[in-house]
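Presented below is the structure to which this report refers.
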Protein chains: 2
Amino acid sequence: MPRRGTMADVARSAGVSPTTASFVLAGRTDMRISDAARQRVLEAARALAYRPNVTARSLRTRSSRTIGLVSDTITTTPYAGEVIRGALEAARARDHLLFITETGGDPAAGSGLVNALLDRQVDAVIYAAMFTRHVDPPPELDGGRVVLLNCLAPGRNAPSVVPDEIEAGRTAARVLLGAGHTRGIWSIGGRHALPATPDGWFAGNERIRGLDEALRAGGAALDGVVECAWEAADGYREVRALLAGGRRPGALVCATDRVSFGAYQALAEAGLRVPDDVSVVSFDDQDFASWLRPPLTTIALPHSELGRVAVELILDPGPLDATVHRVPMPLRVRDSVGPPHENG
Amino acid sequence: MPRRGTMADVARSAGVSPTTASFVLAGRTDMRISDAARQRVLEAARALAYRPNVTARSLRTRSSRTIGLVSDTITTTPYAGEVIRGALEAARARDHLLFITETGGDPAAGSGLVNALLDRQVDAVIYAAMFTRHVDPPPELDGGRVVLLNCLAPGRNAPSVVPDEIEAGRTAARVLLGAGHTRGIWSIGGRHALPATPDGWFAGNERIRGLDEALRAGGAALDGVVECAWEAADGYREVRALLAGGRRPGALVCATDRVSFGAYQALAEAGLRVPDDVSVVSFDDQDFASWLRPPLTTIALPHSELGRVAVELILDPGPLDATVHRVPMPLRVRDSVGPPHENG
DNA sequence: GGGATCCGCTAATTCGATTTAGCCCCAGCC
DNA sequence: GGCTGGGGCTAAATCGAATTAGCGGATCCC
């Protein structure tokens, strides 16, 4: 790239010392500078289209107006793009830039990436996971300014930003209760308590907890919980099996839109119509939720909000503590929930 | 973050001058250094867990081992995450970090972001668009090391990396010809030649060109082209209208998986089965393509490849020229294409 | 009139590396 | 014994800003 003008150039062209130029351009008022000199500096800077070299400045000030984001994967639906977008917008509003890195799921890669960021004097690091879980951030981050995005690290004195899954569970319950459902309600996906993840996932546990609680408060209850993985194939297989077993659910609470996708297929094959025969409420709000027929009522993961809140926390002055910030998950009302079928 | 050891610390601890430490740590052999001194420096660096400060180094060397990525949107399906992932992996393999920025579709934002990158001494900039099109990169990039990702800018002497849409069109034709289709072939989505985009989209034009060419070469031809936007709702509406108009297509070439998604719905409503009654071949390979029933045969946008190639181009030594690099689009054979229906 | 004050600046140092220029000492040679 | 020629280093400048220390000159005061 073409060589850019430096502050020394500005100072020379304005006939003042670099010190004076620096104070004028930094807008500092703790040194007396005549209006005439100030104007000459400003004019010279404008004429030369002067822009400060942030690299040089960081060397002296130890601040680079730069944040690092380390995540496990930025690819996996439904996180990723939107999280980054939210973070980007918040960063840009405060005149910061974002380094994006990913470990690709390799825990050993974390240290290397964090070091690469620290080598470049980032002011802070956002450590992110693409589904909510407990993590163990690399020790290099200890003592630094860190925010955990969509993950928790007990004992690390860093704030976490996670979706409010408990309240989302309550919301799902209220949607169903509001439509008149009190029985025949099934969870498809449950807590994700599979052989591989016997304790379930954070999101699963919290949602079921909120769902149970609010259902009970409304005088209803879950009829059953099908534990399975959260992909389209699982929704298809499990709902099909449920129907084949003679069950006749009145409402499905699907763990993800992908599960709902599969559930729709199984219901269609069985000749059941949504929402006339079976209501479906879901979580995530992926793109295709609105393309399904009927469009899916779902509770959105607040991707971009998570990114935005994380950046704002990290850039707001003041110390960080280990608070867990729960970001609301908005309900998208579409057409997959209706009153219970008369024979329900 | 805790203060890190500097090269001066290493030099002091090894009992040599900073110059010697620098030469040893940089692995330079153009100055004679005794093995003893070399070992002492290496040992001291190890003991102090010394890592060079890239910011300080950049100031001197004018290279930051950092690349900037400027895109219009990183959100829009189907680009985004995978492009970034490909770029990230290639950058990491060469020990570089990536700044990600987005204009959010505001053309005026480009200059500001490019300046913010330049202020931080990025070595190069990738200018990306989320669907293939002509762009006008900010003038600040002139004279710099720039690669255009998924876009073209004639007259700017920067290489472009784009999907090979022409060959993808040919591939679609071959899939159909291979299954025995020679008539009743319809394009849904066409060139995207709508009132708003009368010249069509780059991808649309190229695909139709390749499709036409290979179909003709195989003794077949398109029966018709339905121009429409490329969303699910468009696919649904247009295929429905086609069928209502008494047409009975034997094979659909859908412009995107989203269009296919809608097409599937319209076909199902009309009681037509894929692929027994109608074959469908598509472009993009979004996630849900494999969840559809039957799974969709589609030609993938090589997202991560695009990102990877762009980074490799930009980091490979040597001058850049205005070559257009076409990245192959791989065919994903699934179950939506079969032999023509007997009454087809 | 001489010292204290204040105004409006500038010189010089610093941040942490890289790099150019050159120094000292010992060995070899005539 | 003086001169050359490495070998093995170091001093100092440099990159582009921020910042500390301090300096002339005018003004004020007694």
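Chain naming here is simple, since letters A, B, ... match the order of the sequence lines and numbering starts at 1 in each.
- Checking the phosphate oxygens (OP1, OP2) of dA18(D), a side-chain nitrogen or oxygen of R57(A) falls inside 4.0 Å.
- Taking the C1' atoms of five terminal pairs at each end of the helix from dG1(C)-dC30(D) to dC30(C)-dG1(D), the two resulting helix axes are inclined by 80°, rounded to 10°.
- D119(A) is linked by a salt bridge (charged side-chain N to carboxylate O under 4.0 Å, His left out) to R4(B), R51(B), counting only residues two or more places apart in sequence or in another chain.
- The closest side-chain heavy-atom distance from L148(A) to P137(A) is below 4.5 Å.
- For the side-chain contact (heavy atoms from CB on, under 4.5 Å) test, residues two or more places apart in sequence or in another chain that qualify with A8(A) are T6(A), R12(A).
- At whole-Å resolution of the value, CZ in R60(A) and C1' in dA17(D) are 9 Å apart.
- Taking 4.0 angstrom as the limit, R28(A) places a side-chain polar atom (N or O) nearer than this to OP1 or OP2 of dT19(D).
- For D106(B), the side-chain contact (heavy atoms from CB on, under 4.5 Å) test picks out A108(B), A109(B), with sequence neighbours left out.
- The stretch residues 10-25 of chain A touches DNA chain C through V16(A), S17(A), T19(A), T20(A), each having a heavy atom within less than 4.0 Å of the strand.
- Taking 4.0 Å as the cutoff to heavy atoms of chain A, we find the contact window on DNA chain C bounded by dC7(C) to dG16(C).
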Show, in sequence, the C-alpha distance, side-chain angles and deciding distance for E102(B) and T73(B), and conclude whether the side-chain hydrogen bond (donor to acceptor under 3.5 Å, both in side chains) test is met. CA-CA 6 Å; E102(B) 69 161 58; T73(B) 325; 5.4 Å; no
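- Residues satisfying the ring pair (Phe, Tyr, Trp, His ring centres under 6.0 Å) criterion with F99(A), sequence neighbours excluded, are F99(B).
- Counting to the nearest Å, the C1' atom of dG16(D) and the OH atom of Y50(A) are 7 Å from each other.
- Relative to the six-membered ring of F131(B), R133(B) meets both conditions, a distance below 6.0 Å and an angle of at most 45° to the axis.
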Identify all side-chain donor-acceptor contacts of residues 308-319 of chain B below 3.5 Å with residues at least two apart in sequence or on another chain.
from    : atom 1 : to      : atom 2 : distance (Å)
R308(B) : NE     : E305(B) : OE2    : 2.8
R308(B) : NH1    : E312(B) : OE1    : 2.8
R308(B) : NH1    : E312(B) : OE2    : 2.8
R308(B) : NH2    : E305(B) : OE1    : 2.8
R308(B) : NH2    : E305(B) : OE2    : 3.0
D316(B) : OD1    : R94(B)  : NH1    : 3.0

List the steps, then state whether side chain to side chain contact (heavy atoms under 4.5 Å, CB included) holds for L25(B) with Y50(B). CA-CA 10 Å; L25(B) 294 172; Y50(B) 170 75; 3.7 Å; yes
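- Counting heavy atoms from C-beta outward, M7(B) and P52(B) have side chains that stay 4.5 Å or more apart.
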If you look only at distance, which donor and acceptor atoms sit under 3.5 Å apart when one is on a side chain in residues 29-37 of chain B and the other is two or more places apart or in another chain?
from   : atom 1 : to     : atom 2 : distance (Å)
D30(B) : OD1    : R28(B) : NE     : 3.2
D30(B) : OD2    : R28(B) : NH2    : 2.6
S34(B) : OG     : A37(B) : N      : 3.2

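- A heavy-atom distance below 4.0 Å to DNA chain C is reached by none of the residues of residues 30-47 of chain B.
- Here the P atom of nucleotide dA17(D) and the CG atom of N53(B) are 17 Å apart, to the nearest Å.
- Of the residues near DNA chain D, A56(B) and T61(A), the one whose nearest nucleotide (by heavy atom distance) lies more toward the 5' end is A56(B).
- In this structure, R60(B) has no salt bridge (charged side-chain N to carboxylate O under 4.0 Å, His left out) partners at least two apart in sequence or on a different chain.
- Among residues two or more places apart in sequence or in another chain, the side-chain contact (heavy atoms from CB on, under 4.5 Å) test is passed with D95(A) by R65(A).
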